[in-house]
Structures are given as structure tokens and as C-alpha cells.
2 protein chains.
Amino acid sequence: MSIVTWNVNSLKVRFPHLETMIKDCSPDVICLQETKTEDANFPLADIENLDYFASYHGQKTYNGVAILSRERVHEVQFGIPNFEDNQARVVAATSSTGTRIINVYVPNGEAVDSEKYVYKLSWFRAFIEYVRSTAKTYSSIIILGDFNIAPRGEDVYDPEAFHEKLLCSDQERTLFEELLGLGFLDAFHERTESSERFTWWDYRMNAFRRKLGLRIDHILMTESEFNRCAEVKILKEFRKMERPSDHAPVMATFM
Amino acid sequence: MSIVTWNVNSLKVRFPHLETMIKDCSPDVICLQETKTEDANFPLADIENLDYFASYHGQKTYNGVAILSRERVHEVQFGIPNFEDNQARVVAATSSTGTRIINVYVPNGEAVDSEKYVYKLSWFRAFIEYVRSTAKTYSSIIILGDFNIAPRGEDVYDPEAFHEKLLCSDQERTLFEELLGLGFLDAFHERTESSERFTWWDYRMNAFRRKLGLRIDHILMTESEFNRCAEVKILKEFRKMERPSDHAPVMATFM
DNA sequence: GCTCCTTAAG
DNA sequence: CTTAAGGAGC
């Protein structure tokens, strides 16, 4: 059993990359962010041709999330319940084995102290409450996606330069810790020794070539899942391709 | 000796098509319209690599004309002298054999009775006066380009439907006749029997596949040149290519 | 940088 | 339908 999270930055543009990833890895579940596709234009037939079911929730230009799965999922839920939000950032579903999967695209926040940063914090607080209530119903949960938070200094190519900067501020990191405190493990961090930790490299300034990345895409899981989790890998080769997403996929494999 | 006119609808996008045309036809002179390239971005080195000199006059987004030539040309002139116009629509030059070449991109006119139609008519009147004065100095002249006028019913796929419509209105056709009256022959019309007369097919509604075209790109010449003109061909195959211009090149060959 | 949308022009 | 610009967002 394996599960992937990938911010594709346009599903339409990245469809060939997704096909390659599926041929190479054949994950059981794929959580996509930034599909940037209205539901009416979602490439459902193409996804089905690749032998996946799809639960998707999108809008044009911005955001958009989807869960692709080999097996049919159930209890599909879009957005954060009881939280007004016109942005398509969350889709949750229960796998055939009963694991609750929450696919999330946390707001970027633009810059510390911007209006969007305030929105990011309040959005993430609402998300934490949603997870807290989910944890009352499900014992086995995987939360994965683009969190737009680099949890620790080692998750940033230049921790000094990023001190209190967006993606790294104390407020963001404290909220991330609060989420983990609900009973989740940051699986890559706990399972992987590698110093190659980054999942995102800015398109600008040759950041990828220069190895200037951050780790902002995460797979969090309850202890039950973590005990079965054999490996978490960052599929960096997909950031090397022609016309890549700025994010690499992250894959967790279970026993 | 051969000369080509081609509205490329972006020189940048159509550069590979231009290369193919040059390999296939190797014209001595190529007159381009709608290069849509500022002079600073004109691909001069690439043109020189193809063994052409270039006289160009462009702007971003719209218009832009260029004369490419195997031999150096002289007396290069941009625009209509003494006519204020911020649109790059005319370049003229004298060939090594003394023929005056006028490359023109006539305003489209949007729709009969629009403001742009009024501009088109006054622009074309100024152009006629310019040609009249040129004819006093040069005995051998070729005017070629996108005239945005279909001179006769047979130049339109549905003459009835286009009655008094843009590109076919009496006012436009009368001005075209007035230009010919200065001593020019519409070489394709005079030299070619073929019923395949069209040079432009709208990108929309599969116009090319459905053979819904117009003849709006012309090569006009003084009698001296016409007597040497062996053939005028519409290079329709370039409209069949991948990512084509909406116009086909038109080529005149001289003895 | 890269993606998207909108607008403008044809 | 195709092109290009301009602006937002990341």
C-alpha cells in the first residue's frame, strides 16, 4: 500500500507527469493540490483510463484538490465543515481499509503580516479543529498535502535567512506542532535520515539547480499507520523533468 | 528570381515554418507581415543564419513588417512618408536590380462602419497617394502584402454572404481598383486559372478544412515586371502544417 | 519562472 | 481559434 501527495500546479499541464508517476510508482492513493481545474473540466475520463477513481473539488485559476484511488473511497467530504471558505483546499475520504485520508492545500500566506497571512493562520486554526473532531471518529488517519509550512530549521536551505519569514514563522510552526499534538507523526521526519529533505523549489532564480529548497509538503499519520509505514520518499526526479511542477511528489509506503 | 509575401501572424511562433518555406522555395525576397515583434527582439541573427538580409519595422503585439532578401537592398523606407501613423505597416526597399518593393499590411477594418473601417479607408487612400508618387520615380515596382481586401466575388468562398461585408465592400474594392489604375496588375488574378484562389482562412470554425477562404494577400506589379512574371502560386501547404499562420504564403516567380 | 485569466485583435 | 500583453498568485 502506498500513498502520494503532490502539488501539481495545474493538473492540465502536469497530466503527462502524473501519468509517468503512475507508471513508475502505481500508488494506491494520490492526493493532488493546485489542480486549478473547475469540476466541469476535471479530466475524469483520463484519470479513469489510468484505473483510478477520483474525488475532486476545484475552481479555476487557484487551488483545487483531488484524491485519486485504486479502490473506491467513501464518506467523501469537501472543505472544512462549518467553516465558510470559497477556496477549494480540502478533500477527505475514507479508504476501503477504513483509514481517513485528509488531502489539504494550506493557504500560502503571501508574507508575514499581510492580510493573507492572517487568513492563513485562521484557516489553519479551523483546520486543526476539524482534524481534532475527525480524530474523535477515526482511529486511523493520514493527513497529507501542501502545508506551506517548513516545520524546522533543517527543512529550509538557509534557516537564518528564513527566520520569522513566511513558511517558517513561529506562529506557523507552533500551529503545525499543535496539529501534530493531536496524535500525528510527521512521517518523513521520523522515518528518514536523508539530508535531502526538500519538497519544493521556487521556479525563480534557478532554485532547483542550486539546491535552494524547502520541505513544505508533508504526510502526517496516526501512530497506528506510522507503525505500518515502511518508508517515506521524496520523488525528486519529477522536479527535474521538462516543465515540472515546483513541488516534488512525496510517497509513503506501508507494510 | 522569386518573391514571396506572407502574413506570418507572429514571426516568433512561425519561425520554424519560415525556415521550412526557405528550404523548400529559397525565394530571393520575402515580405512578412504581422511579425508582432519589436525591433529590439527581431531575430536578426537567425535570419542572417538563413542567408538573408533583413529590413524590419515592428512593434509589440500588433502589425510589424519585414523584407528579407538574398541580396542587399537600398533606399529602405518605413511607413508612408508624410503620413502620421503609429502602426508598423509598410516597408519599402529597392532591390539590387532596381525594382522598388513595397511590403504592406493594410488595416483590417474590424467591420464596415466601425471606426477602424474609417481608419482603413483613409489609411489606404494615403497609401495610394504614396504609390502614385513612388510610380513617378520608379518604373519597376512590386507591391505585395496583406491588403485585407478580396477584390472580386470569386475571391470569396461565399460572395453573396460577403456582399458589402468587411474585406469585400464596394468602398474597399473601389480603392483597390484605384490602386491598380496607377499601372499595376494583380499578378495572381492575371496569371492563374486555378479555382484555388484563397490565401487566408479564419482560424475559427474549421474554415480551412471546410475550404472557407478568401484571397486577400496580393502581389501587384508594373507591366515591366508582369511581362517577366512566369507564375504566381499560393503555397497552401503552409496552412496545413501544425500551428500554422492563418495566411498562406504567395510566391511570384520571374524569368 | 510558471500558470492562469482577461482583454484585445484578427 | 490563435496570438500576445498584463496582472495575480505563488
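Here is the naming used below: chain letters follow the sequence lines, and residue numbers restart at 1 for every chain. Hydrogens, waters and symmetry mates play no part in the numbers below; they use all other heavy atoms, side chains included.
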Would you mind reading off the distance between [X] atom [atom1] and [N] atom [atom2], rounded to a whole angstrom?
X: B/Asn41; N: D/dA5; atom1: CG; atom2: P; value: 9 Å
X: A/Gln87; N: D/dG9; atom1: CD; atom2: P; value: 10 Å
X: A/Asp217; N: D/dC10; atom1: CG; atom2: C1'; value: 13 Å
X: A/Asn7; N: C/dC2; atom1: CG; atom2: C1'; value: 12 Å
X: A/Lys120; N: D/dC10; atom1: NZ; atom2: C1'; value: 11 Å
X: A/Leu167; N: D/dC10; atom1: CG; atom2: P; value: 11 Å
X: B/Asp202; N: D/dT2; atom1: CG; atom2: P; value: 11 Å
X: B/Leu212; N: C/dG10; atom1: CG; atom2: P; value: 21 Å

### B/Phe83/B/Tyr130 under ring pair (Phe, Tyr, Trp, His ring centres under 6.0 Å): CA gap, chis, key distance, verdict
CA-CA 9 Å; B/Phe83 179 78; B/Tyr130 164 55; over 10 Å; no
### Query
So, does A/Thr199 use its side chain to make a donor-acceptor pair with the main chain of A/Ala248 at under 3.5 Å?
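Such a contact is absent between A/Thr199 side chain and A/Ala248 backbone.
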### Query
Judged by atom type as modelled, is there a donor-acceptor pair below 3.5 Å linking the side chain of A/His218 to the main-chain atoms of A/His189?
no
### Message
Each nucleotide in nucleotides 3-9 of chain C should get exactly one letter: B, S or -. Can you fill that in based on protein heavy atoms under 4.0 Å?
### Response
SSSS--S
### Query
A/Tyr105 and A/Glu34: side-chain hydrogen bond (donor to acceptor under 3.5 Å, both in side chains), yes or no, with the steps?
CA-CA 8 Å; A/Tyr105 173 49; A/Glu34 285 208 86; 3.3 Å; yes
### Query
Distance only, no hydrogens: is a donor on one side chain within 3.5 Å (strictly under) of an acceptor on the other, for A/Ser169 and A/Tyr117?
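Short answer, yes.
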### Query
Any side-chain donor-acceptor pair under 3.5 Å between B/Asn108 and B/Lys120?
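Note: B/Asn108 and B/Lys120 side chains miss the donor-acceptor criterion.
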### Task
Nearest-nucleotide wise, let me know which of A/Arg239 and B/Tyr105 is further upstream toward the 5' end of DNA chain C.
A/Arg239
